[in-house]
Amino acid sequence: MSPDMPSGFPLARDEALAWLRQMQLIRRFEEASAQAYSAGKIRGFLHLYIGEEACAVGAIRALLPDDALVSHYREHGHALVRGVTARAIMAEMFGKAEGCSRGRGGSMHLFDVSRRFYGGNAIVAGGLPLAIGLALADQLRALPRVTAAIFGDGAVAEGEFHESLNLATLWKLPVLFLCENNLYAMGTALARHESQTDLTVKAAGYGLPAEAVDGMDALAVADAVRRAAARAREGGGPSFLELRTYRFRAHSMYDPELYRDKREVEQWKQKDPIIGFISRMREAGLLAEGDLERLEGEVEAEVADALAFADAGTLEPVEDLTRDVYTPREAP
Amino acid sequence: MSPDMPSGFPLARDEALAWLRQMQLIRRFEEASAQAYSAGKIRGFLHLYIGEEACAVGAIRALLPDDALVSHYREHGHALVRGVTARAIMAEMFGKAEGCSRGRGGSMHLFDVSRRFYGGNAIVAGGLPLAIGLALADQLRALPRVTAAIFGDGAVAEGEFHESLNLATLWKLPVLFLCENNLYAMGTALARHESQTDLTVKAAGYGLPAEAVDGMDALAVADAVRRAAARAREGGGPSFLELRTYRFRAHSMYDPELYRDKREVEQWKQKDPIIGFISRMREAGLLAEGDLERLEGEVEAEVADALAFADAGTLEPVEDLTRDVYTPREAP
Amino acid sequence: MSAGEKRPGTVRMTYREAVRAAVREALQRDPRVFLMGEDVGAYGGCYAVSKGCLAEFGPERVRDTPLSESAFVGAGIGAAMGGMRPIVEIMTVNFGLLALDQIVNNAATLRHMSGGQLSIPVVIRLATGAGRQVAAQHSHSFEGWFAHIPGIRILTPATLEDARGMLWSALQEPDPVLIFENALLYAMEGDLSEDAGAVELEHAAIRRPGRDVSLLTYGGSLFKTLAAAEALAREGIDAEVVDLRTLRPLDDATILGSVARTRRAVIVDEGWRTGSLSAELSARIMEHVFYELDAPVQRVCTAEVPIPYAKHLEDAALPQPPAIIAAVKRTLGEAHG
Amino acid sequence: MSAGEKRPGTVRMTYREAVRAAVREALQRDPRVFLMGEDVGAYGGCYAVSKGCLAEFGPERVRDTPLSESAFVGAGIGAAMGGMRPIVEIMTVNFGLLALDQIVNNAATLRHMSGGQLSIPVVIRLATGAGRQVAAQHSHSFEGWFAHIPGIRILTPATLEDARGMLWSALQEPDPVLIFENALLYAMEGDLSEDAGAVELEHAAIRRPGRDVSLLTYGGSLFKTLAAAEALAREGIDAEVVDLRTLRPLDDATILGSVARTRRAVIVDEGWRTGSLSAELSARIMEHVFYELDAPVQRVCTAEVPIPYAKHLEDAALPQPPAIIAAVKRTLGEAHG
Ligand SMILES: Cc1ncc(C[n+]2csc(CCOP(=O)(O)OP(=O)(O)O)c2C)c(N)n1
Ligand SMILES: Cc1ncc(C[n+]2csc(CCOP(=O)(O)OP(=O)(O)O)c2C)c(N)n1
Ligand SMILES: [Mg+2]
Ligand SMILES: [Mg+2]
């Protein structure tokens, strides 16, 4: 908490509103995505992030524009916070050429290299080695940048997680391992896929700083990420952060949710990151009359605009199918 | 230590002599193998175990005949202690049909399924998942057997190590993870391939009992393995044992040993497991006049016999090349 | 297949239900059988194949695994060495790449390398194929590619009968068997004989006899190929459709016999063209029935691109009936050209 | 190649030294280049290729890695995305299977899947091949098999010139390049021109012109094939030997042009026969020069077995000159038969 905030709330009003707006945008955007899916405008796999918004907003707002991100397939929120427009993401999921990956990637593969957003990766833990490499490049080039790898609890069981943590720690690479622990890998509860359910204990075994954070609290997430990023930027090496969160929706649109108890879901909904953030803003006296209505209106409009944009989007010409399998060589 | 040994030495004389003999046999067998390699009778990769004999003798003598073993490519010693004859191993390395793998495997792939010795595996960490499966079969069949997976410190960095430890611990499988930490993965020193150089700390992160043992002391190794095996047999799940040892010879016959200091090797040779065992037997008054000469003579003869047997061995007919790619189906 | 009245003595079911029936039968008949994989239990299987099995057989025999493809596939291999008959489910072949070391260097190798001391009766089920807009990392068709590996058997059930019958037969094999289930087929409905059971694995099946050209295919492409054959029939071209069924070993007698009869062949393969199984088939035809050929063998394969998400691009990347029809006409045309 | 007097203007060196010279040149010329892999540093490389490089370039640019094939190959991909020009050494392709997910699902895919937003200029060097009695798990020849994957390039330097020159050219490629070095060739000695440098990667090379039959091969089999061609010449059979050099993409013009001229072809491939690159070559010949062929294309490949340790069995499993000669005679014989 920065002491200069008498309210005891670490953000100034405008900043706080911006955070809230982003969480609301993610929520609304995904609700609209689910509807578009039912309407058949989005196909393939669609993984909703609803309930986990505080992780994306807290973590990614704590990074600098020049830092890099490698995410997984549940990444709408990450892309939005990183500044990929709702238009570009919705168009991508509609399979349109105006999408952030030209419609080739869909929901699981949002890319915006101009923002150093190196994609949603749909092979669980498959993005971690890429993050190692991006950070290694920065280290070799002596650039004060960090790379954040975002993944789920399920990824922790994969060999690529293990190899990546060892490599990053061994080489003191500027990597932030951000584990969004939502307690399930698809239908498998943490205790049924991890022998060590305290993931910070497991990570600490590699000899890097490991900390658990309330993933329903954007401020707590931001604080932890900022500290870890600062350490990494100064050559202090990688950190592991467990963001304890929960997904309110099914794993994907196909998931009948046979594996968890509705009451458990309801309990977690009591910790809704948006409601929590709002009440803390209220306590701090940072919410003025009409703020919420205004934000909701803005967000609603932004999402509606994204849907319209995506609808109006064009299809990449079929002749371009084989384009970009290889990079065109510059003429010598 | 079993108290019933007034000498303070936990083995009766005959037993102690048997242990000593086995360590000497491994040493002599490998010296002869190196010579046979120079003579061109053994080809391919040959990895010597000299210096690590106490690990094989202590660990494998602590297992029951019905227990299973999965080893790596530095496994002559493991095979010998398990009861594979020097003849069958030497013939294997000579590429003869009388070899324990019909001459198809060579030094890295000694097999004797009749003794539940499931081979040297030459993919580092590649044998660990097999051990998981063997143990799972025993658990499902309610057989009071354990499976020992033997591997090196280098294997700890592999994803298959990570996945296997998690699975074994999660499912409480009767597996013993026996890590022969000889401080180098080929030419890479432990501190240059592991961010956490205390491997028991790393293993403990999975939530299984992890203990470091003096791998130059066969008795200490046996004691730790016996305790871990008993626990596993009673359903207590897997254990990780770090056997701290050292290889006196090069990694393989090709290795110029540019990566380590001769003095370091000399210091470790002071801890020679055979010399140490002998002096402790002496202290305990368990070595009689002429014992050593007799043992050396026996071992010498056994190795000479193995060489002669291998020399006289036959070549598998070329027509059998494709035999055993698939199992012949029983006539219906 | 999904049209029309239910035939007497049959039950109407989906491919998914046929596989489930096979899994349940295996678990009921052989105590050594167990099912292991990601989300096969509590979730019911990512394609709902094993739905209900956890409740029926319990967590010992229907085992959810962590995301650890290499370890649980290797564990299946080890359990087979230890006397069990594991059915390992790899959600999709896309993740199977993470277990390829275990499949190639252990499952396919240990028997021969040990001089024949052991057998590895493990069955590995994998979903495969594109066509569901799940994009490049989830749309691989590697069943033909994996057929390169000696020591394993590869099955590609395309019909309800094979979906129902191949698993039990695979479990009787002493060696590792990989069964590739094309994910698009799970929803396919049809009538299956009430006493449907194990099927033989030795032979390719002629799904449609014909005189003018042999269409060689397998798995997800079978029905596209049959559709193309029907369209060709309406134009008076009588195509024979051969379903390979087993990709390793290939049933040369049936395949080459068909081509020798029709003197023309078109291969339809959902793999990327270069180095796909279609190449092996063409090479074998070259080697064995060259002098019977009236025209060069044609191949209709997937475009050599990572499979895109957008439907129109994905459709364009995959083998489709029009391309099959065009290829058939080329082989016929060229014969007179 | 190793016989005779050193030619003027040349230096006598081994294939190993030629690769080392290429690695050193790359590290000297481009600060973005670094070498990363197991034991490339302190040990000097498992085949002594990078011996001395650690001392010359330091641990930042010659990086020993843990045994973590998937992570350090992925790290090479990521570092390339981050502006570097990594040379990743996978000791042997046998361990490359552990990194295949990174190669297929990331290196080969990310550019297309992101709509062309990035390029991945990573070079991966792998030793490959059998013939050294290192048994089944260390003797794979997967370079032809990997050629199935769109999005990557595959090079197989067989000569000193290519060993010396392909690496720099590969580093100029914007996309991932896999260079397969047949381990048997490292000790091959010969004379290399003093000013030897980068070579083009576009074309297959006709190593021996001939009129009667085209022998198509690459990598470790080139010299066996040339030896067979010499033996055939003594019998009055004039064989053309084509070294593919680049397995993906294939140089169809040179390959098919040669076969069209000689009207006969024998493919020599160290991969297991079924589904090897030889099948793709045969299929392309079928498709493009069928009407020019005087005889069916023959293949000489590795027997479909895990490679055994015993020398006589290993030799029997691999393509050898006598088998090549016999195959050539079959193609010639059949033409008149
Ligand atoms: C290597 C691999 N194995 C399996 C899958 C199938 N799969 C997709 S998501 C998922 C669960 C991942 O859970 P977690 O990492 O916790 O992320 P979450 O979905 O909870 O955000 C699985 C098994 C995959 N995509 N990649
Ligand atoms: C997956 C894999 N990567 C690389 C190799 C090459 N290799 C063989 S032994 C070895 C070092 C292994 O060291 P360690 O596990 O400590 O066993 P040690 O040789 O010291 O007994 C390496 C890198 C291999 N065989 N398998
Ligand atoms: Mg999760
Ligand atoms: Mg070691």
Side-chain angles (χ1 to χ4, degrees), chain A residues 68 70 92 97 99-106 109-114 116 118-119 121-123 125-141 143 145 147 158-168 170-171 173 316 320-330, chain D residues 31-34 36 59-61 63-86 88 98-99 101-102 104-122 149-153 172-177 202 248-249:
Chain A
V70 179
E92 182 59 33
C100 57
S101 303
R102 295 181 61 84
R104 291 166 169 197
H109 303 299
L110 307 175
F111 280 81
D112 187 344
V113 170
S114 71
R116 305 203 74 222
Y118 291 101
N121 201 303
I123 302 299
L128 272 62
L130 301 179
I132 300 304
L134 286 160
L136 175 59
D138 288 338
Q139 186 186 64
L140 288 168
R141 297 171 63 190
L143 296 172
R145 310 194 294 194
T147 299
E158 289 282 2
E160 290 186 328
F161 167 88
H162 174 73
E163 297 183 0
S164 298
L165 260 74
N166 183 45
L167 217 49
L170 191 65
W171 291 350
L173 297 176
E316 181 174 21
D320 288 1
L321 173 63
T322 57
R323 178 178 145 185
D324 298 322
V325 176
Y326 295 95
T327 307
R329 295 214 186 70
E330 304 90 29
Chain D
R32 300 170 304 174
V33 170
F34 65 98
M36 166 166 68
E60 287 259 292
R61 300 187 66 201
R63 310 182 69 91
D64 281 323
T65 66
L67 280 101
S68 304
E69 285 76 10
S70 196
F72 71 74
V73 169
I77 296 165
M81 287 162 40
M84 302 299 288
R85 291 288 181 279
V88 179
L98 290 163
D101 167 59
Q102 287 296 325
V104 171
N105 284 317
N106 286 338
T109 300
L110 295 185
R111 175 177 176 76
H112 188 272
M113 190 169 74
S114 66
Q117 289 185 64
L118 49 82
S119 292
I120 301 177
V122 63
I149 308 301
I152 60 175
R153 293 174 185 277
Q172 309 317 305
E173 289 287 343
D175 302 310
V177 180
E202 305 304 302
R248 184 176 187 99

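A, B, ... follow the sequence lines: proteins, then strands. Residue 1 opens every chain.
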**Study point:** Under 3.5 Å: donor-acceptor pair, side chain of D:Asn106, backbone of A:Gly126
**Key:** yes

Check your understanding: Given D:Arg32 and A:Arg141, is the side-chain contact (heavy atoms from CB on, under 4.5 Å) satisfied, shown in steps?
Key -> CA-CA 8 Å; D:Arg32 300 170 304 174; A:Arg141 297 171 63 190; over 6 Å; no

Exercise for review: May I ask you to test the A:Arg102-D:Gln117 pair for a side-chain heavy-atom distance under 4.5 Å?
Suggested key: no

Check your understanding: Can you tell me how far NE2 of D:His112 sits from NE2 of A:His109, rounded to the nearest 0.5 angstrom?
Key -> 12.5 Å

Study note, to complete from the structure: Applying a strict 4.5 Å limit to non-hydrogen atoms, the region of A:Leu134 in contact with chain D is both

Review point. Mind checking what makes side chain to side chain donor-acceptor pair (under 3.5 Å) contact with A:Glu160, not counting sequence neighbours?
Key: D:Ser70, D:Gln102

Review point. With a 4.5 Å heavy-atom cut-off, do D:Pro66 and A:Leu170 have their side chains touching?
Key: yes

Check your understanding: Relative to chain A, which of D:Gly151, D:Gly116, D:Gly82 shows the most heavy atom pairs under 4.5 Å?
Key -> D:Gly151

Exercise for review: Could you check if a side-chain atom of A:Phe111 sits within less than 4.5 angstrom of a side-chain atom of D:Met113, using non-hydrogen atoms only?
Suggested key: yes

Study note, to complete from the structure: Honestly, the part of D:Leu98 sitting under 4.5 Å from a heavy atom of chain A is neither

Check your understanding: Judged by atom type as modelled, is there a donor-acceptor pair below 3.5 Å linking the side chain of D:Asp175 to the main-chain atoms of A:Thr327?
Key -> yes

**Study point:** CG-CG distance between D:Leu118 and A:Asp324, expressed to the nearest 0.5 angstrom
**Key:** 9.5 Å

Check your understanding: What part of D:Thr109 is in contact with chain A, defined as an atom under 4.5 angstrom from a non-hydrogen atom: side chain, backbone, both or neither?
Key -> neither

**Study point:** chain D contact via A:Gln139 - which portion, at a heavy-atom distance below 4.5 Å
**Key:** side chain

Check your understanding: So do A:Leu140 and D:Arg63 actually touch side chain to side chain, heavy atoms under 4.5 Å?
Key -> yes

Exercise for review: Answer yes if the side chains of D:Asn105 and A:Asn121 hold a donor-acceptor pair under 3.5 Å, and no otherwise.
Suggested key: no

Point to revise | Top of D:Glu60, D:Arg61, D:Arg153, D:Met36 for chain A proximity - count of heavy-atom pairs under 4.5 angstrom | key: D:Arg153

Exercise for review: Under 4.5 Å, counting heavy-atom pairs only, tell me which of D:Ala108, D:Pro86, D:Gly115 racks up the most with chain A.
Suggested key: D:Gly115

**Study point:** Contact winner vs chain D - A:Asn166, A:Ile123, A:Asp320, heavy-atom pairs under 4.5 Å
**Key:** A:Ile123

Practice item. May I ask you to name which of D:Ser119, D:Ala75, D:Pro150 has the most heavy-atom pairs under 4.5 Å with chain A? Key: D:Ala75

Practice item. Can you tell which part of D:Phe72 gets under 4.5 Å to a heavy atom of chain A, answering side chain, backbone, both or neither? Key: both

Review point. Considering all heavy atoms of both residues, which atom of A:Ser164 and which atom of D:Ala71 are nearest to each other, and what is their separation?
Key: N-CB, 4.1 Å

Practice item. Sequence neighbours left out, what pairs pass salt bridge (Lys or Arg N to Asp or Glu O under 4.0 Å) with at least one residue falling in residues 65-77 of chain D? Key: none

